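Notes follow the structure.
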Number of protein chains: 2
Amino acid sequence: MATGRTHRPATRSRGIPEATVARLPLYLRALTGLSERSVPTVSSEELAAAAGVNSAKLRKDFSYLGSYGTRGVGYDVEYLVYQISRELGLTQDWPVVIVGIGNLGAALANYGGFASRGFRVAALIDADPAMAGKLVAGIPVQHSDELEKIISDNGVSIGVIATPAGAAQPVCDRLVAAGVTSILNFAPTVLTVPDGVDVRKVDLSIELQILAFHEQRKAGEEAAAEAAHPAAAHRGDSTEQGPDGDVPAVMPA
Amino acid sequence: MATGRTHRPATRSRGIPEATVARLPLYLRALTGLSERSVPTVSSEELAAAAGVNSAKLRKDFSYLGSYGTRGVGYDVEYLVYQISRELGLTQDWPVVIVGIGNLGAALANYGGFASRGFRVAALIDADPAMAGKLVAGIPVQHSDELEKIISDNGVSIGVIATPAGAAQPVCDRLVAAGVTSILNFAPTVLTVPDGVDVRKVDLSIELQILAFHEQRKAGEEAAAEAAHPAAAHRGDSTEQGPDGDVPAVMPA
DNA sequence: GGCTGTGAAATCGTTCACAGCT
DNA sequence: AGCTGTGAACGATTTCACAGCC
């Protein structure tokens, strides 16, 4: 259900699974690290370890992109960096606006990894007139009256919402009406958007609640570990990293 | 679903799917909203709409918790709020420490939704001696030398890492050694943790890259929409919200 | 009549294991 | 010999559709 791809428009056999797309940035980061250390090639095993997944999954993921490896050898780091960047659309520059320059919005604007790979903060927007003109991360904050003009003048298609929950939906509506088709929502609300617009959310309290659930379960099982040896108690999976099995589905709501 | 119909204390309903756990906070939020508006009952259809999922999924999710609804009527809002809170472990108070009080750490400390539901910021920790003693969100920042003592004195089991990428793994190791078993990682790195420790990550640049992928694909399909009517172009799914189909897998690494 | 609870079917994602290239 | 690429098995999640209760 992720990205509704009802029927294939062209003859493209391009169906990269959402779960794979969600891991490509992880691989890219690991590869960038190797690239900086001038490592020429990696095996699926090594790269998988660096990205925190298992090698079978990584090979399967890469197989959706094409055959970019060499049997008996591994993958060429530079070549893979390029291929994945291209696939993710990072070879072009994406202007982004951040709406809601409070604590969080300011932190996001200051976040380094933002500009690094393909993204550029085109504007900061806030509803508070007192904020207008102030510099945050070296960028002047503009009043939300200008929102539509900013979007259109800069050709912005990605918007980040860091407003309070109550303001998020109206802001979202205006962004979409102005032409934004991808939204990253930090406000703790469900956003409703028309078809063809992607929304992803980042929600601190949801993450904490999920952790609390597991934490509680651990406490319960700990208590149940009276009969067994007083030492070893946990079961659990492999050494795999957390939100890797992530499939945060992006839907053209 | 399971076996017995009555509440089994020891034989607790084994194994709620991860995907379901990840949605419970969403339902809880929607229910809290209804509760504040004094709505007594909701149908699966209404609640699903408020949470941004479809009703079949919601009913299936609730079926894992037990039979908390009434056929022909719907769900009692207050009762469900209680049941889900209990299931998520929110009826108890979870002390949390935030490590790394930079822009992001400060924003997180100031985040309201933090304290609201079951979580309490027990301490703020930073490696910079100049930060020590400063008040952030009304809480004094403590130096990281105190980390182990803070964790143990406060019985902290959940830690939030908001340090630069390079510091994340060492901080993580210390948190885990001190007794933390759940970590929410905002640093752009893969964390390695022992079995029994859960890690979830929140990563701005990964989210943006996933959006860029879809954005790029839209641009491509737009170009392919020459043959068809110059108007309608998008297909896509229902009105469902984004990261709901989320399965951010938490693994007892 | 309306709405929940749930088997069964469909879909999606992961893991296995090995054929095939270098 | 080593390591990728991938069909096939497996497992998890979503959706369907309807029986069962109010």
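The sequence lines fix the lettering, A, B, ..., with proteins before strands; numbering per chain opens at 1. All values reported here derive from a predicted model rather than from experimental measurement.
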Under the salt bridge (Lys or Arg N to Asp or Glu O under 4.0 Å) rule, collect the residues that match up with A/E46, sequence neighbours excluded.
-> none
Should A/N54 be listed as having a side-chain N or O under 4.0 Å from OP1 or OP2 of C/dT14?
-> no
Distance test, side-chain N/O of B/S44 to OP1/OP2 of C/dT4, below 4.0 Å = yes
Between [N] atom [atom2] and [X] atom [atom1], what is the distance in whole Å?
X     : N      : atom1 : atom2 : result
B/E46 : C/dG2  : CD    : P     : 14 Å
A/R23 : C/dG13 : CZ    : C1'   : 8 Å
A/Y68 : D/dC3  : OH    : C1'   : 19 Å
A/K57 : D/dC10 : NZ    : P     : 19 Å
A/L58 : D/dG5  : CG    : C1'   : 12 Å
A/F62 : C/dG13 : CZ    : P     : 17 Å
B/D76 : C/dC3  : CG    : C1'   : 15 Å
A/L80 : D/dT4  : CG    : P     : 10 Å

Could you list, one pair per line, each protein nitrogen or oxygen that sits under 3.5 Å from a nitrogen or oxygen of nucleotides 6-9 of chain D, together with the distance?
{"unit_1": "D/dG7", "atom_1": "N7", "unit_2": "A/K60", "atom_2": "NZ", "d": "3.3"}

Test side chain to side chain contact (heavy atoms under 4.5 Å, CB included) applied to B/A50 - qualifying residues, sequence neighbours left out | B/A30
May I ask you to decide if B/T181's main-chain N or O and A/K218's side chain share a donor-acceptor pair within less than 3.5 Å?
-> yes
Taking 4.0 angstrom as the limit, do B/D203 and A/R29 come out as a salt bridge?
-> yes
Can you establish whether the number of heavy atoms outside B/Q169 located under 6.0 Å from its atom CD is more than 12?
-> yes
Is the B/Y68 to B/F62 ring centre distance short of 6.0 Å?
-> no
When all nucleic acid strands are considered with a 4.0 Å heavy-atom cut-off, which category describes B/Y75: base, sugar-phosphate, or nothing?
-> sugar-phosphate
Cut-off 3.5 Å, side chains only: do A/Y82 and A/E78 have a donor facing an acceptor?
-> no
